[in-house]
Q: 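There's a structure below that I have some questions on.
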Amino acid sequence: MRTLKRKLLGLVAPVLLLAAWDYVTRRELFSPQLLPPSEMLLETWWDMQTSGELALNMRVSLCRVAGGFALGAALGFALGTAMATCKAVDDYLGPLFNTVRQVPIVGWLPFLIVWLGIGELFKVAFISLGALIPMALKTYEGIKAVSPGFLELARVFEFGRFRQLTKIMLPSALPSLLIGLRLSLSEAWMLVVAAELVVASVGIGNTMTVARRLFQTDVVLVSVIAIAITGYLGNALLALLEARLLASRRPTCAQ
Amino acid sequence: MEKLGTLKVNSLSKGFGPKGQGLKVLDDVNLTVEPGEFISIVGQSGCGKTTFLRLVVGLESDYQGEILLDGKRLNGPDLERGVVFQDHRLLPWLTVEKNVGLGLKNAGKGEARRKVQEHIELVGLKGYEKHYPHQLSGGMSQRAAIARALVNRPQILMLDEPLGALDALTRMYMHQELERIWRQEGITMIMVTHDMDEAIFLSDRVVIMSSRPGTIKKIMPVKLARPRDRASIEFARIKEELLEEFHLHTETPFAYSI
Amino acid sequence: MNIPLQVAGFLGRSYRGAISFLALIGIWAALARLQAFPAELLPAPDAVLTTFLQSAASGVLGASLGASLGRIAQGFLIGCSLGLLLGASMGVSPAVESLFAPLFNALRQVPIIGWIPLIIVWCGIADLSKIVFIALGAFFPMAINTFEGIRSVPHGYLEVARVFEFGKLRLLGKIVLPGALPSIVTGVRLSLGASWMLVVWSEINTRSAPGIGDMLDSAREGSKMDVVIVCIVVIGAVAFLINELLGQLEAQLQGWKKTSR
Ligand SMILES: Nc1ncnc2c1ncn2[C@@H]1O[C@H](COP(=O)(O)OP(=O)(O)O)[C@@H](O)[C@H]1O
Ligand SMILES: [Mg+2]
């Protein structure tokens with residue numbers, strides 16, 4: 001009963017918003033160019049869907065994200081692991097890494113354009129730079145937080161460095177690694193939009209820029225919704241992975 | 001000539017702080033442990049029992065004196081010396097089976113599985129192979145930890161208050177189990193404990209330590225036939241003797257026989 | 001006895017850290033000297049330093065930075081206050097939470113940069129759209145952290161308040177807000193950091209008026225790599241200051257939290 005009431009209450013704000021929107025567009029308080037009627041969004045979505053425009057642009061963006069995320073997360077994982085397990089690497093690279101990561105990623109955008117041009121290489125590099133940093137940080141933190149007792153166990157069993165890493169450190173750091181992956185993916189998804197808004201001829205960000213210039217607010221809105229849903233799905237996918245991987249750790253029937 | 005597996009500790013001293021020169025925790029400890037012996041170490045908390053055990057395991061360095069196994073100086077941890085930590089230290093992300101097999105080295109797949117199974121049965125955890133540590137009770141966790149330490153067939157097994165966190169009944173049950181494993185496997189065991197009953201029930205000799213700095217105050221042999229009867233007069237007498245070392249007297253030494 | 005060792009250890013570490021900085025600058029200088037890359041790609045380190053000093057002395061850098069900080073001041077204040085308001089009301093009142101949480105959570109699925117085309121359509125490309133954008137970026141982290149901070153006030157403290165029969169206002173002032181304070185400061189830090197990123201990005205995206213992002217991107221267009229590097233360093237330094245100052249405040253509050261447990 002309570003939860004039902006809460007759910008109904010949660011519908012109030014969106015419904016009011018839609019009603020206000022409807023009222024405003026019906027009375028034409030704004031030009032339809034600025035605020036299209038809400039039912040027009042469905043039409044626009046249907047058009048973009050059937051013409052293949054949405055799918056094509058989305059696919060291009062997703063490919064860029066996939067490339068940049070895979071590269072950035074892998075490098076971040078390697079860097080984080082190296083810094084956390086090898087003191088010399090930490091001493092040499094730690095301060096440099098911590099300095100470089102202060103710069104908001106978008107600040108690197110012009111720099112990377114100068115060096116790499118405005119093609120795919122630039123976009124993948126930009127995205128992977130953004131994906132690298134949270135992954136490296138979370139990997140480092142996770143491994144550093146391994147309980148010293150478990151490391152002693154590794155010594156008692158005469159584990160080599162590799163076994164110590166794979167049997168003790170990484171499993172223990174897994175929750176932190178998964179957080180890193182999620183942060184890294186959402187950063188990548190934001191940055192692909194950023195890069196495409198600035199320079200691209202195709203991609204969902206480019207769709208928005210073109211539509212914005214032509215005052216096709218409906219297309220912009222549909223794109224925003226599409227971006228949000230895709231980002232949500234990506235995150236949900238990783239949450240699912242997390243639940244599976246960490247399922248055995250949750251106390252289910254502690255005695 | 002000493003028998004194989006003899007542990008000799010000669011004038012061992014250990015301090016913490018820079019280069020082991022700071023606060024002295026152990027001072028001039030001498031002890032010889034025969035192969036197959038069951039030794040208990042008792043003493044007030046903070047007197048250096050854990051430190052002593054960690055030194056023998058090889059987890060601590062920077063000490064003065066000698067720790068010799070068959071006349072050879074120890075050099076870091078070795079699979080010949082197993083340890084059961086006070087906190088069981090089972091890896092929470094592995095099943096009982098995987099935890100027990102964690103330290104297994106140089107064993108083929110089939111052989112590994114057989115050894116793991118054998119030791120799980122030895123500690124009475126059959127049927128719990130696929131359970132995770134959080135699904136086990138405290139006693140079961142300690143038994144899994146004991147199986148994990150035994151699976152490499154160490155010559156010497158060290159146990160740091162392995163039953164400290166258990167309730168009295170489970171503890172008594174575990175005493176029987178531990179004695180059974182010890183007899184069956186013929187392994188040397190060195191156990192740190194707070195519990196006088198536990199020490200007398202299990203040990204061939206009880207090492208009494210005094211604190212600040214930790215030294216061996218007395219080594220008391222327990223010459224009772226096994227399995228021992230906690231309610232016997234001899235048991236109570238030895239306990240009385242032991243407690244006197246700590247300046248504690250039981251008022252009615254024969255209360256147990258009632 | 002211990003302190004010299006610690007000092008030596010620290011010096012040893014920072015010495016190693018310094019080596020990698022020096023190596024980086026050394027390689028950079030060598031490549032520039034050898035003219036391995038055209039100067040538009042890789043100006044010499046000393047040229048960058050000169051550019052920095054010149055643009056600082058001429059006031060160009062200061063003016064750009066000032067313009068950006070001005071935008072932040074407005075956008076951040078609006079976004080942060082609204083975030084605090086929404087987060088706090090959702091935190092203290094379950095009814096407000098049920099009312100707004102679904103909409104709030106839906107809206108925050110949009111990667112923040114995705115909002116800008118929409119904002120430009122509605123607010124134009126002048127300062128207004130940048131300020132709205134920054135406000136939006138500051139709003140979300142502030143609201144979330146305020147909400148979570150209030151919700152994480154230990155139940156025991158609330159019971160203490162009930163025992164002393166605190167009124168609503170005293171409960172809020174004496175228990176809820178102080179308990180939530182560390183998390184609120186975290187919100188301020190994240191929100192200010194987001195504002196800084198977004199001001200830079202919005203200035204790169206639509207160059208309509210001076211600002212540090214504008215200076216950065218026009219330097220790129222003009223192939224003035226020295227200015228690009230100066231801008232990146234300055235942007236990084238500001239981000240660092242934001243993080244460091246608020247991070248320290250946070251650590252202090254957290255320390256207080258720890259000792260009071
Ligand atoms: N790593 C360490 N650094 C400094 N002091 C320690 C360390 N480990 C133990 N000690 C000190 O050594 C003494 C003995 O500790 P421990 O061997 O754990 O005692 P017990 O196991 O008998 O309770 C204690 O006073 C403790 O504070
Ligand atoms: Mg101890």
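Values in this document were obtained by computation on a predicted structure and should not be read as measured data. Throughout, protein chains are lettered first and strands after them, A, B, ... in sequence-line order, and every chain is numbered starting at 1.
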Q: Taking all heavy atoms of Glu152(A) and all of Phe85(B), pick out the closest pair and write down the distance.
A: OE1-CE2, 3.7 Å
Q: Within residues 42-61 of chain B, which residues come under 4.5 Å of chain A, heavy atom to heavy atom?
A: Arg54(B), Val57(B), Gly58(B), Leu59(B)
Q: Taking every heavy-atom pair that is under 4.5 Å apart, which of Leu102(B), Leu104(B), Leu94(B) has the most such pairs with chain A?
A: Leu102(B)
Q: Please determine, among Asn152(B), Asp87(B), Leu91(B), Val83(B), the option with the most heavy-atom pairs under 4.5 Å with chain A.
A: Leu91(B)
Q: For atom CZ of Arg180(B), is the number of surrounding heavy atoms from other residues, nucleotides or ligands below 6.0 Å larger than 12?
A: yes
Q: Could you measure the distance from the CZ atom of Phe157(A) to the CG atom of Asp78(B)? Nearest 0.5 Å is fine.
A: 12.5 Å
Q: What part of Leu174(A) gets within 4.5 angstrom of chain B, counting heavy atoms only: side chain, backbone, both, or neither?
A: neither
Q: Taking the side chain as every heavy atom from C-beta outward, state whether Trp93(B) and Pro175(A) have any pair of such atoms under 4.5 Å apart.
A: no
Q: Evaluate whether atom CZ of Phe122(A) has more than 12 neighbouring non-hydrogen atoms of other residues, nucleotides or ligands under 6.0 angstrom away.
A: yes
Q: Can you name the nearest heavy-atom pair linking Phe159(A) to Gly103(B), along with the distance?
A: CE1-CA, 4.5 Å
Q: Just give me the residue among Pro171(A), Gly149(A), Ala154(A), Ser147(A) that pairs up with chain B most often, heavy atom to heavy atom, under 4.5 Å.
A: Pro171(A)
Q: Can you establish whether the number of heavy atoms outside Lys144(A) located under 6.0 Å from its atom NZ is more than 12?
A: yes
Q: Please classify the contact of Ser172(A) with chain B as side chain, backbone, both or neither, using a heavy-atom distance under 4.5 Å.
A: both
